[in-house]
Amino acid sequence: MKAWPILAIVIVQSFLCIAHWFMYRTWIDFWWPMSPPATLGLRFTFVLLSFVFIVASLLSFRFSNRTVRTFYWFGALWMGLANFLFVGAGIAWLADLVLRVAVPAATRLADRPYIAGALVAISIATAVYGVVNARMIRLRKVTLQLPNLPECWRGRRAALVSDLHLGHINGYAFTRRIAAMVRDLDPAIIFLPGDLFDGSKVDPLRVIAPLLELNPPLGMYFVGGNHEEFGGAEEYEAALRSGGIRVLHNECAEVDGVRIVGVAYGPSTYPLQMRTFLEGLNLKGGPASILLNHVPNRLPLAEHAGVSLQLSGHTHGGGQIFPFNYITRRAFGKFTYGLQRFGEMQVYTSSGAGTWGPPMRVGTHSEIVLLTFA
């Protein structure tokens with residue numbers, strides 16, 4: 001492994017250990033007194049749980065079997081629940097601070113177990129809602145008007161299917177469900193703007209098999225996201241190409257007069273290279289063009305090069321689960337989700353159909369987008 005992934009793992013694991021200690025400490029301080037053996041057992045449990053998700057993730061990159069899949073499911077579910085328990089622990093201390101000022105000490109201490117119990121119940125309910133909500137995939141319909149759009153494109157429909165994160169949680173059955181939804185839309189073309197895979201070790205041809213059964217008249221076009229690079233982008237792209245999906249890795253394809261451009265995640269992290277590539281296409285002043293770029297960034301480069309429409313994903317509509325919504329919106333602003341305009345260019349950022357990590361969505365929703373060109 002390179003140095004930066006190891007450093008990232010150490011930083012994330014350190015935070016998880018601190019967060020689990022905070023949850024453990026909050027429970028001990030707020031719950032009714034526990035016996036020494038029970039306290040020791042709880043401490044040991046929190047120590048083990050703090051390592052579950054990282055260990056499960058590392059195993060998922062190397063192995064693909066029922067045991068690893070089950071372990072990863074458990075780790076991902078716990079990570080989602082732990083997120084809400086951590087928020088609940090913070091709220092518990094804030095409530096205790098308010099009560100410290102408002103009520104006598106004896107009353108405040110007597111109320112602590114009830115505060116803790118209520119917040120744990122709310123955390124569990126929120127996690128359950130998140131799992132159910134993540135599996136409810138919505139259809140979003142968007143009408144687009146692009147300058148210099150060829151007449152033959154007017155009235156055509158395109159399916160935008162982003163961030164499926166196929167792997168140990170979203171597998172063959174999930175892909176089959178997505179494919180059935182897309183088939184019912186009868187699109188002329190399908191766009192896959194990255195994170196089709198989540199980077200875990202799977203048989204890529206098997207897991208995407210239902211998508212390969214789709215046969216839109218103008219084809220399917222894919223560009224890699226950051227998660228494809230976790231598991232080896234070359235293997236994923238080879239599987240897609242063998243299945244008839246056009247992979248645009250710093251490439252441009254002309255489809256009935258519209259130029260479809262793809263910049264994979266890796267090259268998009270080098271602004272000078274991306275600028276040189278886009279400007280070399282001479283898009284400005286020509287027919288309508290569509291850029292597949294996984295992350296809704298580099299907008300000045302794309303707009304200056306003459307791109308008409310950028311299609312992105314990555315944000316999961318705003319961090320996937322609360323409270324990461326605020327972090328994501330801070331990073332991407334209004335381009336976190338939906339149809340926006342940047343100068344002369346339009347940008348649509350999809351919340352995606354799948355999930356990464358916790359199979360939950362709270363504050364966001366899963367979607368497939370039907371684009372209609374007017």
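On a predicted model such as this, the values are computed, not experimentally measured, just so you know.
- Here the CE-NE2 distance, from M345 to H304, works out to 12.5 Å after rounding to the nearest 0.5 Å.
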*Show the numbers, then the answer: is there a side-chain contact (heavy atoms from CB on, under 4.5 Å) between F46 and L42?*
CA-CA 6 Å; F46 270 97; L42 184 65; 3.5 Å; yes
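- Annotation: side chain of S162 is not in contact with side chain of D195 (no heavy-atom distance under 4.5 Å).
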*Could you check R177 against I137 for side-chain contact (heavy atoms from CB on, under 4.5 Å), going step by step and ending with a plain yes or no?*
CA-CA 10 Å; R177 181 184 173 200; I137 302 172; 3.9 Å; yes
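- R298 contributes no side-chain N or O that, together with a main-chain N or O of M274, makes up a donor-acceptor pair within less than 3.5 Å.
- When every heavy atom of H168 is checked against every heavy atom of V68, the shortest pair comes out as NE2-CG1, 4.1 Å.
- Using the six-membered ring where Trp is involved, Y72 and F53 have ring planes that are tilted, between 30° and 60° apart.
- Counting non-hydrogen atoms of neighbouring residues, nucleotides and ligands closer than 6.0 angstrom, the CH2 atom of W21 reaches no more than 12 such neighbours.
- Here the side chains of L16 and M79 are in contact, with some heavy-atom distance below 4.5 Å.
- Atoms CD and NE2, from E228 and H165 in turn, are 8.5 Å apart once rounded to the nearest 0.5 Å.
- Residues F373 and V258 form no side-chain contact, since every pair of their non-hydrogen atoms from C-beta on lies 4.5 Å or further apart.
- For the pair H227 (side chain) and D198 (backbone), a donor-acceptor distance under 3.5 Å is present.
- Side-chain atoms of E279 do not come within 3.5 Å of backbone N or O of G306 as any donor-acceptor pair.
- Proximity of V202 to L166: side-chain heavy atoms (C-beta onward) are nowhere separated by under 4.5 Å.
- Here the side chains of H249 and P267 are in contact, with some heavy-atom distance below 4.5 Å.
- Within a 6.0 Å sphere centred on CZ of R108, other residues, nucleotides and ligands contribute more than 12 heavy atoms.
- The closest donor-acceptor contact from the side chain of S268 to the backbone of V263 lies at 3.5 Å or more, if one exists at all.
- At a threshold of 4.5 Å between non-hydrogen side-chain atoms, the residues L214 and I190 count as touching.
- With hydrogens and angles ignored, the 3.5 Å screen pairs no side-chain donor or acceptor of W32 with any backbone N or O of P113.
- Taking OG from S289 and CD from Q310, the interatomic distance works out to 10.5 Å, rounded to the nearest 0.5 Å.
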_Criterion side-chain contact (heavy atoms from CB on, under 4.5 Å) on W73 and L77, from CA distance to verdict_ = CA-CA 6 Å; W73 257 101; L77 285 170; 3.9 Å; yes
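- Smallest separation of non-hydrogen atoms from P359 and R135: CB-NH2, 4.2 Å.
- Linking ILVMFWY side-chain heavy atoms closer than 4.5 Å, directly or via other members, places F174 and V161 in a single hydrophobic cluster.
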_With side-chain contact (heavy atoms from CB on, under 4.5 Å) as the criterion, how do L211 and L196 come out once you've worked through the C-alpha distance, each side chain's angles and the decisive distance to 0.1 Å?_
CA-CA 11 Å; L211 289 179; L196 179 61; 3.9 Å; yes
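- Put simply, CZ on R25 and CZ on R43 are 8.0 Å apart, with the number rounded to the nearest 0.5 Å.
- Residue L94 places its CG atom among more than 12 non-hydrogen atoms of other residues, nucleotides or ligands, all under 6.0 Å distant.
- Counting only heavy atoms from C-beta outward, the side chains of N83 and F324 approach each other to under 4.5 Å.
- Formation of a donor-acceptor pair under 3.5 Å by the N170 side chain with backbone atoms of L164 is found in this model.
- Other residues, nucleotides and ligands contribute at most 12 non-hydrogen atoms within 6.0 Å of the CZ atom of F63.
- One N or O on the side chain of S312 and one on the backbone of N293 form a donor-acceptor pair closer than 3.5 Å.
- No more than 12 heavy atoms of other residues, nucleotides or ligands shown are found within 6.0 angstrom of CD on E344.
- Here the two rings, on Y337 and H365, have centers that are under 6.0 Å apart.
- The pair R112-D29 does not meet the salt-bridge criterion, since no charged nitrogen lies less than 4.0 angstrom from a carboxylate oxygen.
- Within the 3.5 Å criterion, the main-chain N or O of R157 finds no donor-acceptor partner in the side chain of D186.
- Between F197 and Y236, the ring-plane angle classifies as parallel under the 30° and 60° cut-offs.
- R341 places no side-chain N or O within 3.5 Å of a backbone atom of Q346 that could act as its donor or acceptor partner.
- Residues Y24 and V120 share a single hydrophobic cluster, defined by chaining ILVMFWY side chains whose heavy atoms lie under 4.5 Å apart.
- The shortest side-chain heavy-atom distance between T315 and F335 does not fall under the 4.5 Å cut-off.
- The CE atom of M360 sits 6.5 Å away from the CZ atom of F84 when rounded to the nearest 0.5 Å.
- Atom-to-atom distance recorded for L185:CG and I368:CD1 is 7.0 Å, nearest 0.5 angstrom.
- Hydrophobic clustering, with ILVMFWY side chains joined whenever heavy atoms are under 4.5 angstrom apart, keeps L292 apart from L240.
- Between the side chains of T355 and R361, not a single donor N or O lies within less than 3.5 Å of an accepting N or O.
- Using a distance-only test at 3.5 Å, with no hydrogens or angles considered, a donor-acceptor pair links the side chain of T328 to the main chain of G319.
- Using a 4.5 Å cut-off between side-chain heavy atoms of Ile, Leu, Val, Met, Phe, Trp and Tyr, with links allowed through other members, V307 and L248 fall into different hydrophobic clusters.
- Note: H294 and Y265 have perpendicular aromatic rings, judged against thresholds of 30 and 60 degrees for the angle between ring planes.
- Clustering ILVMFWY residues whenever any of their side-chain heavy atoms sit less than 4.5 angstrom apart, transitively, puts V131 in the very cluster that holds Y129.
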